[in-house]
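All values below were derived from every heavy atom in this structure, side-chain atoms included, with hydrogens, water molecules and symmetry-related copies excluded.
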Amino acid sequence: MDLALQLDALERALTRLGIRLLEEELPDEAHIDGGLCRVAGQLVIYISPTAPPWCRAEVLLKALRQLPHRDIWLPPEIRRLLQGDDFCDNSVRLLSSEDEDKH
């Protein structure tokens with residue numbers, strides 16, 4: 001599954017869970033590409049529009065891991081990434097833009 005398909009699957013899964021995805025510039029001093037937070041009682045994922053695609057996928061996957069995702073359909077590859085214990089320490093399992101050029 002290429003990175004574009006991973007991003008699409010992750011975004012659809014989060015939307016099915018009722019999570020809003022917002023692209024917004026984040027302060028430079030935050031040193032993050034995005035994340036899950038609660039705003040006015042609603043869960044929202046902020047993503048920097050300048051974040052590279054593999055960082056976007058990492059932010060979305062990390063958020064999905066924090067939510068009750070077991071009862072929604074996910075592609076097997078995404079399910080495997082969610083079940084991996086070392087995801088937060090090993091983002092190379094997501095395709096990077098360099099890997100994408102090789103395919």
Side-chain angles (χ1 to χ4, degrees):
M1 175 182 276
D2 72 8
L3 183 55
L5 291 174
Q6 285 181 348
L7 281 168
D8 183 58
L10 289 165
E11 288 176 6
R12 283 185 290 129
L14 289 160
T15 301
R16 281 193 302 269
L17 290 171
I19 309 302
R20 288 182 46 210
L21 303 173
L22 298 175
E23 285 195 16
E24 190 170 308
E25 275 304 322
L26 302 170
D28 289 335
E29 60 270 14
H31 302 290
I32 60 172
D33 292 310
L36 180 67
C37 64
R38 187 174 300 275
V39 177
Q42 183 178 7
L43 287 173
V44 176
I45 296 176
Y46 284 97
I47 300 177
S48 172
T50 59
W54 66 270
C55 283
R56 292 174 62 88
E58 186 175 313
V59 167
L60 297 176
L61 190 59
K62 186 174 181 180
L64 190 55
R65 289 186 98 198
Q66 299 174 49
L67 299 166
H69 59 271
R70 300 207 186 330
D71 293 336
I72 62 171
W73 183 87
L74 293 166
E77 182 175 335
I78 300 295
R79 188 84 51 202
R80 279 191 300 276
L81 289 171
L82 286 167
Q83 292 170 353
D85 292 333
D86 62 346
F87 166 73
C88 291
D89 298 326
N90 189 5
S91 60
V92 265
R93 290 170 45 190
L94 290 171
L95 291 174
S96 70
S97 57
E98 292 170 4
D99 292 335
E100 204 171 71
D101 293 339
K102 294 177 188 174
H103 294 105

Query - Stepwise side chain to side chain contact (heavy atoms under 4.5 Å, CB included) test for I78 and M1 - result: CA-CA 9 Å; I78 300 295; M1 175 182 276; 4.2 Å; yes
**Report entry** Worked check of side chain to side chain contact (heavy atoms under 4.5 Å, CB included) between L14 and L36
**Finding:** CA-CA 11 Å; L14 289 160; L36 180 67; over 6 Å; no
Report task. Take L74 and L64 through the side chain to side chain contact (heavy atoms under 4.5 Å, CB included) test and state the conclusion after the steps. Result -> CA-CA 11 Å; L74 293 166; L64 190 55; 4.2 Å; yes
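Each of I19, L10, L22 was evaluated against I45; a single residue qualifies, I19, per the side-chain contact (heavy atoms from CB on, under 4.5 Å) test.
To the nearest 0.5 angstrom, R70 atom CZ is 7.0 Å from Q83 atom CD. In this structure, the separation between CG on L21 and CD on E11 is 6.0 Å, given to the nearest 0.5 Å.
Side-chain contact between L67 and L43: present, with at least one pair of heavy atoms (C-beta onward) separated by less than 4.5 Å. Inter-residue side-chain proximity for L81 and Q6 is flagged as met; some heavy-atom pair is nearer than 4.5 Å. The side-chain heavy atoms of I47 and L60, taken from C-beta on, include a pair separated by under 4.5 Å.
Counting all heavy atoms, side chain and backbone alike, L3 lies closest to W54 at CD2-N, 3.6 Å.
A side-chain hydrogen bond (donor to acceptor under 3.5 Å, both in side chains) check over residues 13-37, counting only residues at least two apart or in different chains, returns the pairs E23-R56.
I32 is not connected to V59 by any chain of hydrophobic side-chain contacts under 4.5 Å among Ile, Leu, Val, Met, Phe, Trp and Tyr, and they are in different clusters.
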